*Asks:* 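Mind looking over this structure? Questions follow.
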Amino acid sequence: MSNYRITGNTGEWEIVVGMEVHAQVVSQSKLFSGASASYGGEPNSHVSLVDAGFPGMLPVLNEECVAQAVRTGLGLRAKINKFSRFDRKNYFYADLPTGYQISQFEHPIIGEGKVEIELPDGEVRVIGVTRLHLEQDAGKSIHDQDPTRSFIDLNRAGVALMEIVSEPDIRSPEEAGAYLRKLRQILRYLGTCDGNMEEGSMRADVNVSVRRPGEEGYRTRCEIKNLNSVRYVMQAIEIEAERQIDIWEEGGTIDQETRLFDHVKGETRSLRTKEDAHDYRYFPDPDLLPLELEQSWIDELKAHLPELPEDKRARLEKEYGVSRYESAVLTAEQSVADFYEEVAKGQDARLATNWILGDFFAALNRTGRSIENSPVSAQGLRELLGLISDSTINGKIAKEVLEDMVETGESAQAIVDRKGLKQVTDTGAIEKSIQEILDANADKVAEYKSGKEKLFGFFVGQTMKAMKGKANPALVNELLKKMLSA
Amino acid sequence: MAFNYTLASARDALKKREISAVELVDAHLSAIERLDDRLNSFITRTPDQARQAAKQADEQLAKGEGGALCGIPLGIKDLFATENVRTTAASRILDNFIPPYESTVTANLKQAGAISLGKLNLDEFAMGSTNLTSAFGGVENPWKRKGSDARLVPGGSSGGSAAAVAAGLVLGATGTDTGGSIRQPASFCGITGVKPTYGRCSRFGTIAFASSLDQAGPMAQTVRDCAIMLEAMAGFDPKDSTSVNKDVPHYEAALDRGVKGLKVGIPKEYRIDNLPSEIAALWDNGIVWLKDAGAEIVDVSLPHTKYGLPTYYIAALAEASSNLARYDGVRYGERVSGKSLDELYEATRSAGFGDEVKRRILLGTHVLSSGYYDAYYLRAQKVRTLLRRDFLQAYEKVDVLLTPTAPSGAFAWDEKPTDPVQVYLNDVFTVPASLAGVPAMSVPAGLDSQGVPLGLQLIGRHFDEETLLAAGFVLEQAASFTHRPTLHAGVSA
């Protein structure tokens, strides 16, 4: 159980949150038409007559969108409903061409599932998924182009969305954030939603209520609509919970309503009350037959499902010996995990893990690049680590080489050759260098011999410096020990 | 003489080059010019395109090519979208709507070589049984009562289609039938009309009234004409998810099957109180004709028949209220501006829709509303299932059903009841087949004492239009209905 509490004037409060996440389905064309579902484009350039609701036009279900919903359901370990149905949700708005949205009200394609989230302290919580259904997106109204008129862009109208509804199992803003991130991660792994919140590919509505710790049942909730970042979700929940607590503590009651989050002012505002709520007059869309899925088709999708984040994590831990923390970082994005495996496979996995999580990520951060457009390829990094493993260069030199790789795009081997960075393993040359250091520091040698053993590091440093860092550190250690004890 | 042709005989004459498509089309175009200012069966006439198409048809026919309907002049109910030809649904809200696309049914007819002479009048959005709700004025039934010049309604909603065929302005017309909109006007105008099985003809590009009921079908002088037309119109269409992927049989070939050994059911629930005795007598004639032709007559029961009308009006209007939401003045069609979006909607829809359409949108919205949904919409769906089961059970015993098409013959414009429910009663015999999705047709079977035509309805099994047409053909032969209306292209003015 979460122990997140908000302390009000009259004591502690617990928050109860459920989320509805709208995730745009990755597909070539829209849910019920052949128009392109790609993002952007000139206004009204991805619009078919079906999307624009012309007289006599009929929806035809896009099988790929159905497959994507089923893949998502499998990824959420949810019940796949072999029978589902499309309903019309009726309301008037200028960017809703037919006057109804085709959605799934009574019989969603996906039933109950679950999402495991891991909190910073390592605690794992299971958030229940109530259902997932397919529906159409609406178009976009543009109000800022003309003082008196609005413009409509129907490019998004009819694009497939998955609405993923959670149980009210979330108990803190952090859990909400973790849930949304985890959901996003799963969808991205499955390739069913690109998870791009800035472009609106994923948006969340959160239902928030508060209650006393230990209190049974739920109090009235408010829905905060259209949050398009993890940060806003977390902020909005906290702010809304505090608003509700103030009202309860002042002896008031909460009205069930829909609210908007204003991140600039840091407040939520009422959008419409329950009394203003639309009567959507849902009924089965008579233009579409019920959707019936065959088990063999579902099995086929299941057989080709990509590895899910949790499975990948467990495998990386087993195959590469990475820690629980490391596996989380490495599998946060599938592209990182793929990169990691390409580097680590058949190599010194520990070396690869340390390098990727350390110097390589630092280089990405420094250059503001992501793994997809990394300045150093997985092959390139693999080569560099190979040079460490076969003692061609030492770790310190390797850091230098990586910086050069980032800057010049040259291969590790080319840089080592060009700059003559190959490690010195010639014991004679190292002995010669050590002897010079010892000779020049006779006083320190004496101190060392009288027991000040931490001076050993000083001699190592001096020797490496004299050899421009290229000496094999193990050999330096070995020879120094021998010569100092002579 | 161009006006003694049926669609079938014209087809044969065209093939044999006894007449050219240009002659045939010209004759019909001039008949339209002569008669249709009065009948008002056309909303939009397309003579130039028709003449152009006729020339091309003649070229094809000369080479022995051309489809099953090559050179045949047809009329298209103005509910089918026709590319670059105004399509109105008889509503102000689509007054000047010119679609950039063609409905599948009309595309199929074109593909078969048919020539459209224009777009035919109907009740606004196919909502009505009189054709008086059209924003483009009512249609006059070409039939007259004996000794009276009173204007009679052609029935509806496919009133323009029925009148144009009856008056000889076209050799066939497309209709659509949601609760009787092909069969009732066919009966009122003394022609044949077929509502195929739901799913037989694509609904793509046909302006929707009630999606789960709407079905396109042929209207023509004879059963054979309808068989020929239906074969061209029907077929699976991936653009309509409710169209059914079944091969289209050669319907014309089924006409000669006869009814020997066929079991014909007479549903007792259709013998309603107040059924005019002339209609009851006609029904009895029909029974005798089929029996004489070798059919076995079986009494059957369709116990939920009495719930047909309320079920139909709930189901159809619920769908209609949603289907017509798209006419909002935002993207196409008529727009009346307003200061806000809501005002634009209100002004556009107030001005654009007629009273009957508004009434039906209100009723449909009501039955889907929270608090009423279960009592109306949901219950209607359940009853619909029972009605369908009635038919399936009846078809365990019989092959086809025989009933009257409508509880009356054509009435005068000014006799239209002021109470809409009285008008809805016109559909009492036609809506059950619509709700069940089974095919049905109306065949002209006689005249009433005032000289106005009456039709008999045959109702068949799902996708068994062949048996339906075969029985219709027998009925047609027996009835030998050769009467012609007062206003007819073949009668000089």
Side-chain angles (χ1 to χ4, degrees), chain A residues 32-34 44 47-63 85-102 105-106 139 141 143 148-154 157 274-275 277-292, chain B residues 79-81 87-89 94 97 99-104 125 202-208 210-214 237-243 315 318-319 321-333 337 339 341-342 344-345 349 364-373 377-378 381:
Chain A
F32 296 110
S33 86
N44 297 309
V47 185
S48 77
L49 293 163
V50 175
D51 307 323
F54 269 61
M57 287 297 130
L58 298 171
V60 176
L61 183 59
N62 179 345
E63 186 182 324
R85 204 175 64 189
F86 289 96
D87 299 289
R88 292 186 184 177
K89 177 180 180 178
N90 294 282
Y91 66 96
F92 281 94
Y93 201 64
D95 55 26
L96 184 72
T98 49
Y100 54 83
Q101 178 197 31
I102 305 178
F105 182 57
E106 237 188 286
S141 295
H143 303 297
T148 56
R149 295 175 303 166
S150 295
F151 291 90
I152 311 289
D153 176 6
L154 296 179
K274 197 182 177 187
E275 285 70 42
H278 293 292
D279 180 354
Y280 290 118
R281 289 173 282 121
Y282 284 99
F283 75 104
D285 192 327
D287 286 332
L288 293 160
L289 301 172
L291 178 56
E292 292 180 49
Chain B
L79 202 63
F80 294 87
T87 300
T88 68
L94 289 174
F97 177 64
Y101 50 91
E102 186 84 20
S103 80
T104 298
F125 282 103
S202 168
R203 293 184 300 112
F204 178 83
T206 309
I207 295 176
S211 313
S212 73
L213 296 154
D214 294 345
D237 180 5
K239 287 186 285 193
D240 172 5
S241 310
T242 62
S243 92
E319 292 177 21
S321 70
S322 175
N323 282 338
L324 269 60
R326 64 186 60 197
Y327 307 105
D328 57 8
V330 173
R331 295 165 312 285
Y332 52 78
S337 290
K339 284 197 207 70
L341 183 60
D342 283 347
L344 179 147
Y345 287 150
R349 289 166 68 86
T365 303
H366 180 72
V367 300
L368 288 175
S369 296
S370 165
Y372 299 96
Y373 180 89
Y377 181 79
L378 204 60
Q381 295 307 310

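In what follows, every heavy atom counts, from backbone to side chain, and hydrogens, waters and symmetry copies are set aside. So you know, we letter chains A, B, ... as the sequences are listed, proteins then strands, and number each from 1. The structure displayed is predicted, hence computed values, not measured ones.
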*Asks:* To the nearest 0.5 Å, what is the distance between OG1 (B:Thr104) and NZ (B:Lys239)?
*Replies:*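 If I round to the nearest 0.5 Å, the distance is 4.5 Å.
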*Asks:* Looking at A:Pro284, A:Gly53, A:Gly56, A:Pro55, which one has more heavy-atom pairs under 4.5 Å with chain B than the rest?
*Replies:*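 Most heavy-atom pairs under 4.5 Å with chain B: A:Pro55.
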*Asks:* Any idea which of B:Val330, B:Thr206, B:Leu213 has the most non-hydrogen atom pairs under 4.5 angstrom with chain A?
*Replies:*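 Ranked by contacts with chain A, first place is B:Thr206.
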*Asks:* Side chain, backbone, both or neither: which part of B:Phe204 has an atom under 4.5 Å from a heavy atom of chain A?
*Replies:*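 For B:Phe204, the contact with chain A is made by backbone and side chain together.
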*Asks:* With respect to chain A, which residue among B:Ser241, B:Pro99, B:Gly371 yields the maximal number of heavy-atom pairs within a distance under 4.5 Å?
*Replies:*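 Going by pairs under 4.5 Å, I would pick B:Ser241.
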*Asks:* Which bit of A:Tyr93 comes within less than 4.5 Å of chain B, counting heavy atoms only: side chain, backbone, both or neither?
*Replies:*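 Contact with chain B: backbone and side chain both.
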*Asks:* Please answer whether the main-chain N or O of B:Ala210 pairs with a side-chain N or O of B:Asp214 as donor and acceptor at a distance below 3.5 Å.
*Replies:*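 Yes; judged by distance alone, with no hydrogens or angles, the pair exists.
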*Asks:* If we only count heavy atoms from C-beta on, is the A:Phe32 to A:Val60 side-chain gap below 4.5 Å?
*Replies:*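 Counting from C-beta outward, A:Phe32 and A:Val60 never come under 4.5 Å.
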*Asks:* Any idea which of B:Phe97, B:Tyr372, B:Tyr345 has the most non-hydrogen atom pairs under 4.5 angstrom with chain A?
*Replies:*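 Sorted descending by pairs with chain A, the first entry is B:Tyr345.
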*Asks:* Measuring heavy-atom distances to chain A, does B:Leu341 have an atom under 4.5 Å in its side chain, in its backbone, in both, or in neither?
*Replies:*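 Looking at B:Leu341, just its side chain touches chain A.
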*Asks:* Any side-chain to backbone donor/acceptor pair from A:Tyr100 onto A:Asp285? Under 3.5 Å, distance only.
*Replies:*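 Answer holds: no.
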*Asks:* Do you see a donor-acceptor pair shorter than 3.5 Å between the side chains of B:Ser322 and A:Arg88?
*Replies:*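 Distance-only check passes for B:Ser322 and A:Arg88.
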*Asks:* Which region of B:Thr87, side chain (C-beta onward) or backbone (N, CA, C, O), has a non-hydrogen atom less than 4.5 Å from a non-hydrogen atom of chain A, or is it both or neither?
*Replies:*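 Interface part for B:Thr87: neither.
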*Asks:* Is chain B contacted by the side chain of A:Asp287, its backbone, both, or neither, given a heavy-atom distance below 4.5 Å?
*Replies:*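 Both parts, backbone and side chain.
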*Asks:* Side chains of A:Phe283 and A:Phe105: closer than 4.5 Å at any heavy-atom pair?
*Replies:*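 No - every pair of side-chain heavy atoms lies 4.5 Å or more apart.
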*Asks:* Just give me the residue among B:Ser103, B:Ser321, B:Ser370 that pairs up with chain A most often, heavy atom to heavy atom, under 4.5 Å.
*Replies:*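 Highest number of pairs under 4.5 Å: B:Ser370.
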*Asks:* So, B:Arg203 versus B:Thr242: side-chain donor-acceptor pair below 3.5 Å or not?
*Replies:*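 Present: a donor and an acceptor within the cut-off.
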*Asks:* Heavy-atom cut-off 4.5 Å, strictly under: side chain, backbone, both or neither for B:Ala318 against chain A?
*Replies:*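 The backbone, not the side chain.
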*Asks:* Identify which part of B:Phe80 has an atom lying under 4.5 Å from any heavy atom of chain A, answering side chain, backbone, both or neither.
*Replies:*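 Contact with chain A is absent: no heavy atom of B:Phe80 under 4.5 Å.
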*Asks:* Taking the six-membered ring of A:Tyr282, is NZ or CZ of A:Lys89 closer than 6.0 Å to its centre and within 45° of its axis?
*Replies:*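 No, cation not above the ring by the 6.0 Å, 45° rule.
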*Asks:* At what distance, to the nearest 0.5 angstrom, does CZ of A:Phe86 lie from CG of A:Leu288?
*Replies:*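 Output value for this atom pair is 7.0 Å.
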*Asks:* Against chain A, work out which of B:Asn323, B:Leu378, B:Asp328 has the most heavy-atom pairs shorter than 4.5 Å and name it.
*Replies:*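 Looking at each option in turn, the highest pair count goes to B:Asn323.
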*Asks:* For chain B, find which of A:Ser150, A:Gly99, A:Ala94 contributes the most heavy-atom pairs closer than 4.5 angstrom.
*Replies:*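 Top option by heavy-atom pairs under 4.5 Å: A:Ala94.
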